[in-house]
Amino acid sequence: MPAPSPAAHRAARRRNPGPPPAAVRAAYALWITAVAAGVFETALMLSRNPADGAGAGLAVRLAVFTAAVLVAVRMRRGAGWARITLALGLGVLGTASLVVEPLGYLLDGGSLAGALAGADALEWVFGVSRTVHLAAVLTAVALMFAPAANAYFRGPDTSNGPYEASGPDEANGPDARDAL
């Protein structure tokens, strides 16, 4: 029986990259946290101004939240395209959408002290949620590109046998990726 082609071997490895390392599991949990914070912020905005979220704006938010969860699931399963999509789509564009309003306020001459002094309870809760949201996104992006995560998305190098260490986080085989 002929040996499988290198292309077939790579395809099989991509379909089953093994269990995700701790960095990827944590990144996944943080993406879910970010989505939950986004849903919570949307509910807060709707409770304050129901007309602001009606219609297309709410539909867009729900579509983004749904897509984010689905793409995060694929990222956790080892899909490299999902990691890049999350990093660029939510890590860059999503972060920009989270900070554009506060930055605009500050650039227009507003002060942080003035905003905090005039904030009511709902605005404080929103601010805390937005902070959690932003921290979850930034940390998830960083974790998706940690050394163990990079090794996971590359898959094991089987050129010299079942597993070849290619870095300090892989020195003891595929289970060492979970040590982080």
Side-chain angles (χ1 to χ4, degrees), residues 19-153 169 177-180:
V24 173
R25 291 191 310 269
Y28 173 78
L30 288 166
W31 284 119
I32 299 305
T33 300
V35 169
V39 169
F40 182 69
E41 291 160 23
T42 299
L44 290 176
M45 287 188 295
L46 288 173
S47 72
R48 167 80 38 112
N49 299 315
D52 286 350
L58 183 58
V60 168
R61 285 178 184 273
L62 293 177
V64 169
F65 297 150
T66 302
V69 169
L70 295 174
V71 173
V73 167
R74 295 299 305 268
M75 180 275 303
R76 189 175 195 273
R77 292 180 182 165
W81 65 265
R83 174 171 75 153
I84 299 302
T85 300
L86 289 167
L88 295 177
L90 297 179
V92 174
L93 299 175
T95 297
S97 75
L98 293 176
V99 300
V100 71
E101 186 178 343
L103 285 179
Y105 171 78
L106 293 173
L107 291 173
D108 286 342
S111 75
L112 184 58
L116 294 176
D120 63 13
L122 188 65
E123 290 165 332
W124 275 98
V125 170
F126 185 89
V128 168
S129 179
R130 181 59 54 97
T131 302
V132 168
H133 190 161
L134 187 58
V137 168
L138 296 177
T139 307
V141 170
L143 286 170
M144 289 191 310
F145 292 93
N150 288 336
Y152 174 70
F153 288 107
D169 61 338
R177 293 185 297 183
D178 285 333
L180 288 180

Problem set entry | Nearest heavy atoms of Ala148 and Pro21, plus distance in Å | O-CG, 3.7 Å
Using distance only, find each side-chain donor-acceptor pair of residues 84-99 under 3.5 Å and give its atom names and separation, not counting sequence neighbours.
| residue | atom | partner | partner atom | Å |
| --- | --- | --- | --- | --- |
| Thr85 | OG1 | Trp81 | O | 2.7 |
| Thr95 | OG1 | Gly91 | O | 2.7 |
| Ser97 | OG | Gly94 | O | 2.7 |

For this session: Can you run down the salt bridge (charged side-chain N to carboxylate O under 4.0 Å, His left out) pairs that involve residues 128-138, sequence neighbours left out, and say none if there aren't any?
Result: Glu41-Arg130
Problem set entry | Gap between atom CD1 of Ile32 and atom CZ of Phe65 - 0.5 Å precision | 12.0 Å
Exercise. From Leu30 CG over to Arg25 CZ, what is the distance, rounded to the nearest 0.5 angstrom?
Worked result: 13.0 Å
Exercise. Looking only at heavy atoms, what is the nearest atom pair of Asn150 and Met144, with distance?
Worked result: OD1-O, 4.1 Å
Exercise. Sequence neighbours excluded, which residues qualify as side-chain contact (heavy atoms from CB on, under 4.5 Å) partners of Phe40?
Worked result: Leu44, Val125, Ser129
Exercise. Judged by atom type as modelled, is there a donor-acceptor pair below 3.5 Å linking the side chain of Arg76 to the main-chain atoms of Pro20?
Worked result: no
Would you list the atom pairs, donor with acceptor, under 3.5 Å between side chains in residues 67-74 and any protein atom, with sequence neighbours excluded?
none

Problem set entry | Heavy-atom pair of closest approach, residues Met75 and Trp31 | CE-CD1, 3.9 Å
Problem set entry | Check: Met45 and Leu58 side chains under 4.5 Å, non-hydrogen atoms | no
For this session: Could you note down all residue pairs passing salt bridge (charged side-chain N to carboxylate O under 4.0 Å, His left out) where residues 139-152 supplies at least one of them, sequence neighbours left out?
Result: none
Seminar exercise, completed: Sequence neighbours excluded, the answer for side-chain contact (heavy atoms from CB on, under 4.5 Å) partners of Asp120 is Arg48, Leu122, Glu123
For this session: Provide the full list of salt bridge (charged side-chain N to carboxylate O under 4.0 Å, His left out) pairs with a residue in residues 131-147, sequence neighbours left out, each pair given once.
Result: none
